[in-house]
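Predicted, not measured: the structure shown is a model, and the values here were computed from it. The sequence lines fix the lettering, A, B, ..., with proteins before strands; numbering per chain opens at 1.
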Amino acid sequence: VSGSAEAIRVLVKNWRGLYTVPAPGLYPHQWSWDSGFIAFGLRHISPRRAQQELESLFSAQWADGRLPQIVFAPDPARRYSPGTDFWASESIAGSSTVPTAGLVQPPIHAWSALAVYRADPLESKRRGFLARCYPRLVRWHDYLRHRRVRGNSGLASIVHPWESGMDNSPAWDAFLKMVPSVDESDLPRPDLEHVSANERPSNSEYGKYLHLAARYRDHGCDDRDTHHPFLAEDPAFNAIWARSEWALAEIAQILGHDEEAHRNAALVLTSAIEELWNESASCYTARDVRLGTLGNMRTIAGLVPLILPGVGHVPELLGLLDGKHFQFRTLPLTPSFDLLSGEFDVSRYWRGPAWFNTAWLIAQGLLAHGRRADAAKIGAEIERCALLGEYPEYVNPFTAEPHGARGFSWTASLSLDLAISFGEEKK
Amino acid sequence: MVMTTISISADLLPAGSLAKKWDLAHDWGCDALTLSSRDVAEVASTISLLREAVALGIPVSTIMVDVDLVVSLVDVDGPAQRRLVDLVREANDAGIAEIVVAPNSVAGDANRRSGSASTSQDRLTDALVLLVQRTTLRDCRLCLQAANRYISTVNTLADSAAMAAAVGLPLAVSANTFHMNIEEADPAKSLLECAGLLGHFHAVDSTGGVPGSGQVDWPLIGATLHAMSFRGSITIGGIPDSEPQSAIPAALNTLRRFT
């Protein structure tokens, strides 16, 4: 059975008419950055569905330009926490016409939209895809620029670990120390009906997550809470934003608009990310905007700036990737966290397991810096590990033992994307 | 990668003789012809066309038969029944890959409205059982094609699969994209769900035109057939909305590109 055939099956099964669920059961709605990654693979089997995937998310854009982390399906059977009752987004001024979460996720969408366009420019033109996306993407980036730049660096701040997409990454441990928790004795955890508790964030982490989300919601999601207890400049979030600004420049050029502002924004962001360089860790690390301090955890997020042309410290990042902390040369897929840290955990979510989206991002980074053969190696390993584990959410980085959900959409999508990209190269 | 056999309905080819039709189809890049019968009289002519094709060495991948003839099988001594059995046996002997039974009849809609759909289903099931029993098929697959609610009582691929299970004898499913566009909420998912049963694929666009002329998502259909490891043949059907000389090669190009 070929990997691409199985990946297509996963994407067909997880399609819900307008978008793809990340995984049936555990993630039964539309997630923002999942859709961005999913569109990269979906474009190879149906450019039309890939366009719809993004358009569906864009249709839930708030008046302030944000693209919400989750767009909820109006189906009470699809249980998820925190869900529509928690967010009550309909009561928030300027929210979408459909129920959504108030938080955001990494802005991969312009990059994704450009890739979807390239898969079939004629179909894109026929449907007016790029022309309709462009103003929404501009407003999305404007939201980040005007509402989420909370420090002096020009980088966007996230207000919750969930906004990084790497929810319980050890990078957030120090940030969360002083964050209060809701009552942990009665936490709704429908996720544990689908996946073992030792593969998910702990109750102690969840209590803090819910406190932060509730506080943000109770301030109307207006980004004006000057004492919000979590403000982080995340290297992955901002690198993806910068990469999307480059894509937006290309989209503007295709549409005959002025691309210069986007190029400048990409350059400014790329330069600003250097402020997150942590010399002692030899890695980019998240900054606590309230305290002005850099974290000291080596996480996969710190390697993601490799995706940017012109980013500094490329030799150091490649050295870190190859070295004992991440062992690129010897492990099937790169772990999400420093192998040498005492906090490393092979099976618990973002505290060690290897994820397919970050592997794909690292492959894009290697491609951007001339390590084509290594990027191809990631493509082959992604396909092998995905097929072996029935398209798992994440895997043990040493053994590729699957963890989390199975039939996970971005695992299928990104496996397919690299298989086709490198397959076409071979031809 | 396995190349899918793509055939074309001989009816679509703008030429007089079968030999000239095949010359055109071959020049345009088709692998084989599909021969169709829509009434009793046509069964006889289909048999004669099939014999002619065999004699001339023209590849025929598929025979398509109107379902009204099948329903008439319950009249076990009727001439239509004998002709259909003859056709199926002859096709089987000629090494035809698929015989597609397409239950396309206004009776489908009439039966639905009069509440006698279940009777119609029973008759069709009985007819198919008889047909399978009376024709010892070797490598040839007998396929049941679902059609939309206005002309049939077998509307979805799931309906076809259920009928195949009810018949309890070797019977595959043929998917027609024109009808799927009306009846299937998610054509790709429906195809996947009948993966093991799909024996033939009838490519017609949403407008009833040839592939590429309407809004069927051909990249998605092609990817799904690939994911199913589909090994049957594809018949180009539909009515060209422009000159066949340009419409049919364009349709073939659409299918070659995505399947």
Side-chain angles (χ1 to χ4, degrees), chain A residues 1-21 24 38-53 55-56 116-124 126-127 129 383 386-387 390-391 407 409 412-413 415-417 419-420 423-424 426-427, chain B residues 1-4 156-158 161 173 175 177 180-198 201 203 205-207 209 211-232 234 241 246 250-251 253-259:
Chain A
V1 180
S2 80
S4 65
E6 282 304 305
I8 292 167
R9 284 171 187 267
V10 169
L11 292 173
V12 168
K13 285 178 184 169
N14 290 351
W15 178 252
R16 293 293 179 273
L18 289 172
Y19 62 90
T20 310
V21 292
I38 289 164
F40 272 100
L42 205 49
R43 68 188 170 133
H44 298 297
I45 67 174
S46 172
R48 195 183 304 170
R49 280 196 176 179
Q51 292 174 24
Q52 289 170 337
E53 180 84 40
E55 288 166 342
S56 175
V116 168
Y117 162 81
R118 283 179 176 154
D120 192 342
L122 286 179
E123 174 74 352
S124 174
R126 187 183 72 76
R127 299 185 70 252
F129 171 67
E383 187 170 13
L387 192 57
E390 298 176 359
Y391 294 83
S409 294
S413 168
S415 164
L416 188 65
D417 184 51
I420 289 177
E424 280 174 357
K426 279 181 202 162
K427 288 177 194 169
Chain B
M1 187 173 177
V2 177
M3 284 286 285
T4 306
T156 62
L157 296 182
V173 166
T177 38
M180 289 172 71
N181 183 59
I182 297 169
E183 296 293 346
E184 307 286 358
D186 185 336
K189 205 170 283 177
S190 299
L191 282 170
L192 266 193
E193 284 167 0
C194 76
L197 278 177
L198 192 71
F201 193 83
D205 221 314
S206 57
T207 55
S213 62
Q215 58 168 346
V216 168
D217 190 345
W218 294 106
L220 177 66
I221 294 291
T224 308
L225 292 176
H226 165 68
M228 296 161 59
S229 302
F230 175 65
R231 296 287 178 266
I234 297 176
D241 60 0
S246 56
N253 183 54
T254 297
L255 292 179
R256 286 278 184 231
R257 187 175 160 202
F258 297 122
T259 60

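- When atom types are taken as modelled, the side chain of Arg48(A) and the backbone of Leu220(B) share no donor-acceptor pair closer than 3.5 angstrom.
- Considering all non-hydrogen atoms of both residues, Arg9(A) and Met228(B) come closest at NH2-CA, 4.0 Å.
- Near-neighbour residues of residues 180-189 of chain B relative to chain A, defined by a heavy atom under 4.5 Å from a heavy atom of that chain, comprise Asp186(B), Ala188(B), Lys189(B).
- The salt bridge (Lys or Arg N to Asp or Glu O under 4.0 Å) search around Asp205(B) returns none, not counting sequence neighbours.
- Remark: Gln52(A) engages no residue in a side-chain hydrogen bond (donor to acceptor under 3.5 Å, both in side chains) (not counting sequence neighbours).
- The two residues Pro219(B) and Ser46(A) have their closest heavy-atom pair at CB-CA, 4.3 Å.
- By the side-chain contact (heavy atoms from CB on, under 4.5 Å) test, Leu255(B) pairs with Ile6(B), Ala203(B), Pro211(B), Trp218(B), Ile234(B), Ile236(B), Thr259(B), sequence neighbours left out.
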